[in-house]
Amino acid sequence: MSGVGENQLISIVPDELKFLFELEKQSYCDLKVANKTENYVAFKVKTTSPKKYFVRPNTGVIQPWDSCIIRVTLQAQREYPPDMQCKDKFLLQSTIVPPHTDVDELPQDTFTKDSGKTLTECKLKVSYIPPSTTQRSSDSGATNGDGNGSETVSTIQRLKEERDAAVKQTQQLQHELEMVKRRRNQSNSGLSLKLAALVGLIGLIIGFILKLTLASPT
């Protein structure tokens, strides 16, 4: 058995599983497992609390000098652990298998210690991170002038300015639209008065002509 995070066959990053712990919410941690040999290596992930965690893939075969990602999901919990301390542990077993072996072809005793094969193991601890800790770290970064924090504040300020400019422009467009409507109504009203005056003038001219016609001697 070897130390945490690395053995003769594989390397594991990170060497500790850290989960952001929030009630009624799932959380996950990805492990990168790399084959450090020129052989095909099979692995299997075990945990002391199998009902709390969902591991995919929990068994696999890694080609020479290749790697894979294992996602470990912490199921939603209904209560906080005492003092946010976690005693759960993970064990990643690995062993050399024949070339081109598929995971479905692995014998049942592949990860059995008394099978005569060389079996190496890596132990991984588990820790929980409270949401408040993440929030404090974010606030501290912004307050202490951290590069990322300052950039975030600058981005938020720029977005606010763009929003205010957009609102102001929208209000100006609405005002101009109201002015256009008023001018159109005034134009239509003036046109109606001109048309009525023209009709009246034509009526007067026709009446005057008829009057001259009737008054002329036959």
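Nothing here was measured: the structure is a model prediction, and the numbers come from that model.
Val103 is connected to Val97 through a chain of hydrophobic side-chain contacts under 4.5 Å among Ile, Leu, Val, Met, Phe, Trp and Tyr, so both are in one cluster. Transitive grouping of hydrophobic side chains (ILVMFWY, heavy atoms separated by less than 4.5 Å) brings Leu23 and Tyr53 into a common cluster. If you chain together hydrophobic residues whose side chains sit under 4.5 Å apart, Met84 and Phe19 fall into the same group.
Among Thr120, Val33, Asn35, the one residue that satisfies the side-chain contact (heavy atoms from CB on, under 4.5 Å) test with Leu9 is Thr120. Checked options Lys52, Lys51, Gln26; the residue passing with Gln75 is Gln26 (criterion: side chain to side chain donor-acceptor pair (under 3.5 Å)).
For the atom pair CZ of Phe54 and OG1 of Thr73, the computed distance is 7.0 Å after rounding to the nearest 0.5 Å. Atom CH2 of Trp65 sits about 6.5 Å away from atom OG1 of Thr37, to the nearest 0.5 Å. Rounded to the nearest 0.5 Å, atoms OG1 (Thr48) and CG (Asp88) are 4.5 Å apart. Atom CD1 of Ile70 and atom NZ of Lys32 lie 12.5 Å apart (nearest 0.5 Å). Here the straight-line distance linking atom CD of Gln93 with atom NZ of Lys44 works out to 8.0 Å at 0.5 Å rounding. Leu17 CG to Cys29 SG: the interatomic distance, rounded to the nearest 0.5 Å, is 4.5 Å.
Heavy-atom contacts from other residues, nucleotides or ligands closer than 6.0 Å to OH of Tyr80 number more than 12.
Side-chain atoms of Lys123 and Lys89, non-hydrogen and from C-beta on, never get closer than 4.5 Å to each other. Leu124 is listed as a side-chain neighbour of Leu31, based on a closest heavy-atom distance under 4.5 Å. Side-chain contact between Cys68 and Phe43 is present, with heavy atoms from C-beta onward closer than 4.5 Å. Looking at heavy atoms from C-beta onward, Tyr40 lies in side-chain contact with Gln63 at the 4.5 angstrom threshold. Taking the side chain as every heavy atom from C-beta outward, Phe111 and Thr59 approach each other to under 4.5 Å.
When all heavy atoms of Val126 and Glu16 are compared, the closest pair comes out as C-OE2, 4.4 Å. Residues Ser67 and Ile62 come closest through the heavy atom pair N-CG2, 3.8 Å. Taking all atoms of both residues into account, the shortest heavy-atom contact from Thr101 to Val61 is O-CG1, 3.6 Å. Glu24 approaches Ala76 most closely through the heavy-atom pair C-CB, 3.6 Å. Here the shortest heavy-atom pairing between Gln8 and Lys36 reads O-CE, 4.0 Å. Contact detail for Asn39 and Ile96: the closest heavy-atom pair is ND2-CD1, 3.5 Å.
Listed for the Thr95 side chain is no donor-acceptor partner under 3.5 Å among the backbone atoms of Ala42. Formation of a donor-acceptor pair under 3.5 Å by the Asp83 side chain with backbone atoms of Gln85 is not found in this model.
For Pro50, the side-chain contact (heavy atoms from CB on, under 4.5 Å) test picks out Thr47, with sequence neighbours left out.
For Lys113 and Glu121, the salt-bridge test passes: some basic side-chain N is under 4.0 Å from an acidic carboxylate O.
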